[in-house]
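Take a look at the structure below.
Order of appearance sets the numbers: ligands from 1, and atoms from 1 within every ligand.
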Amino acid sequence: MPKRYFVNKLLSATETNIPLDWNYWRAVLAEYSQLIEDRVPPVPKFADGGLYVGTPGIAYLFYRLMKSPFTASHKDDFISKGIKYITSSQSFVESQRARNATDFIGFILGPAGFQAIAAAFYTVAGDSTKADEHLNHFVNLHTYCSPLYPVSFGGNELFVGRAGYLAGVLWLQKELQKPILPVDKINEICHFIVQDGRKYASVHRSPMPLMYSYYDTEYIGAAHGISAILFVLLCCEDYLSKSPDAERDIKKCVDFILSLQTENGNFPCALDEVDHRRRRDEEDQLVHWCHGAPGVVYMMAKASLRWKDEKYLESCIKCGDVIWEKGLLKKGPGLCHGVAGNGYVFLLLYRLTADEKYLFRANTFAQFMTTPEFKRGARTPDCPYSLYEGLAGTVCYILDLFDPKTAAFPFMDVF
Ligand SMILES: [Zn+2]
């Protein structure tokens with residue numbers, strides 16, 4: 001079986017860090033941004049796929065560019081471009097008919113994500129009327145998190161479910177520096193998530209007190225899986241302090257997932273793979289943000305900060321080691337299953353440990369994406385310019401390399 005990743009020729013390198021050359025990377029950012037604009041113009045037909053692969057994700061990119069101190073001289077240009085992506089995305093979002101609750105509260109793949117980006121974007125752009133309009137839209141969607149709107153295929157995960165909506169609330173709170181939903185509403189949504197998890201776990205005799213499935217698969221990783229749901233719950237500290245029973249159950253789940261970490265540091269994609277008969281061969285294991293260590297690490301990092309137990313930080317470090325070895329993915333440069341998404345784990349580890357080795361690793365991953373070996377050998381993703389699969393995510397990653405003390409995978413800030 002061919003390898004899923006390029007061999008990391010610097011695997012045993014001991015360098016600490018090499019400073020990045022802004023002039024070089026500024027040219028790379030300009031080239032990538034131009035390509036994105038040319039190939040994904042701001043028209044409603046490209047809005048489908050939300051933040052994940054649609055134009056709302058490109059609007060997020062312009063939001064990042066207009067906020068970055070490194071690209072501040074072009075702020076006005078980024079504002080006018082970003083507004084075009086927001087306007088065209090809005091036409092698409094308003095033309096869609098919702099069939100169930102996830103079509104309302106979907107964050108990475110739905111309208112809630114668009115409303116959140118638009119609210120943050122217009123705030124920074126100085127248009128408070130439009131910012132309030134989108135913020136009100138976003139806030140009003142919280143009613144669809146209630147059990148009155150059950151979702152049979154699984155409505156608690158990150159892309160379309162309650163955890164994603166809450167990730168949006170937490171992100172907006174940080175960006176706008178103000179409460180978005182009253183704390184009791186946030187706690188109520190957490191309670192619905194925990195309640196559903198307990199119900200599912202008991203019906204399916206799960207090995208954890210909380211479990212969830214998405215279209216009948218019990219995913220572990222960040223995409224559709226329990227680790228992203230637990231990550232979001234761990235971010236809701238008021239809920240944890242007021243619900244010790246829930247925190248106990250969450251901790252049992254985190255500890256169980258920790259016990260699944262393989263010798264080399266990775267995690268299985270789904271619970272059925274825990275059974276040794278269905279275990280993947282080592283070379284077939286997925287080391288992606290969506291499935292595997294690069295996504296589960298955010299939950300472990302949050303657990304480490306909350307419960308101050310070394311074993312969670314050790315788990316994060318093991319995640320970093322498997323990513324260093326097997327993370328130069330042939331699937332492309334993106335966040336979800338690409339090199340930039342994996343590189344973000346080194347930025348997380350740098351923030352957790354202050355060890356400069358991780359900056360070296362993060363920079364190495366960025367550099368590798370510009371080599372002929374990668375350009376020739378990597379596959380082109382389905383949506384090569386999008387936020388989660390393509391270059392828009394890569395641009396966010398490069399921007400974050402220049403500000404590693406605040407760097408965070410989009411919508412998964414641990415700090
Ligand atoms: Zn993926």
Side-chain angles (χ1 to χ4, degrees), residues 2-6 40 48-54 56-58 60-61 102 106-110 113 153-154 157-161 163-164 167 212-215 217-232 257 265-273 280 283-299 319-320 322-323 326-348 365 368-369 374 377-397 408-412:
K3 281 188 168 53
R4 293 177 177 273
Y5 53 89
F6 297 95
V40 191
D48 200 6
L51 287 170
Y52 192 70
V53 291
I58 312 292
Y60 172 79
L61 167 67
T102 60
F107 184 71
I108 291 179
L109 277 179
F153 58 80
E157 51 76 88
L158 189 71
F159 280 36
V160 297
Y212 305 86
S213 74
Y214 187 71
Y215 286 106
T217 301
E218 296 172 339
Y219 291 106
I220 292 169
H224 312 308
I226 184 171
S227 68
I229 297 172
L230 298 177
F231 163 76
V232 172
I257 296 170
N266 204 22
F267 290 90
C269 290
L271 265 193
D272 60 348
E273 289 180 18
R280 287 169 185 252
E283 286 310 307
D284 196 30
Q285 281 175 13
L286 303 183
V287 184
H288 303 173
W289 171 78
C290 49
H291 303 295
V296 178
V297 70
Y298 295 94
M299 176 196 76
C319 290
V322 72
I323 295 164
K326 298 183 173 183
L328 292 172
L329 298 177
K330 290 184 176 169
K331 279 199 160 192
L335 297 179
C336 187
H337 33 265
V339 177
N342 283 354
Y344 260 115
V345 177
F346 303 131
L347 292 175
L348 169 70
F365 268 38
F368 184 75
M369 288 187 276
F374 179 76
R379 284 189 289 278
T380 306
D382 293 338
C383 299
Y385 309 98
S386 61
L387 182 60
Y388 276 79
E389 281 195 350
L391 288 182
T394 318
V395 172
C396 294
Y397 178 59
F409 190 100
F411 318 112
M412 294 196 87

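Judged purely by atom type and a 3.5 angstrom limit, Asn266 has no side-chain atom pairing as donor or acceptor with the backbone of Val322.
When all heavy atoms are compared, the tightest approach of Pro294 to His288 is CD-O, 3.2 Å.
Using the six-membered ring where Trp is involved, Phe411 and Phe107 have ring planes that are perpendicular, over 60° apart on the 30 and 60° scheme.
Ring centroids of Phe409 and Trp289 are separated by less than 6.0 Å, placing the two rings close together.
Among heteroatoms of the N, O or S kind in His337, ND1 lies nearest the Zn ion (ligand 1).
The Zn ion (ligand 1) lies under 2.8 Å from an N, O or S atom belonging to Cys336. Because the distance cut-off is set at 2.8 Å, His291 fails to qualify as a neighbour of the Zn ion (ligand 1), as none of its N, O or S atoms comes that close.
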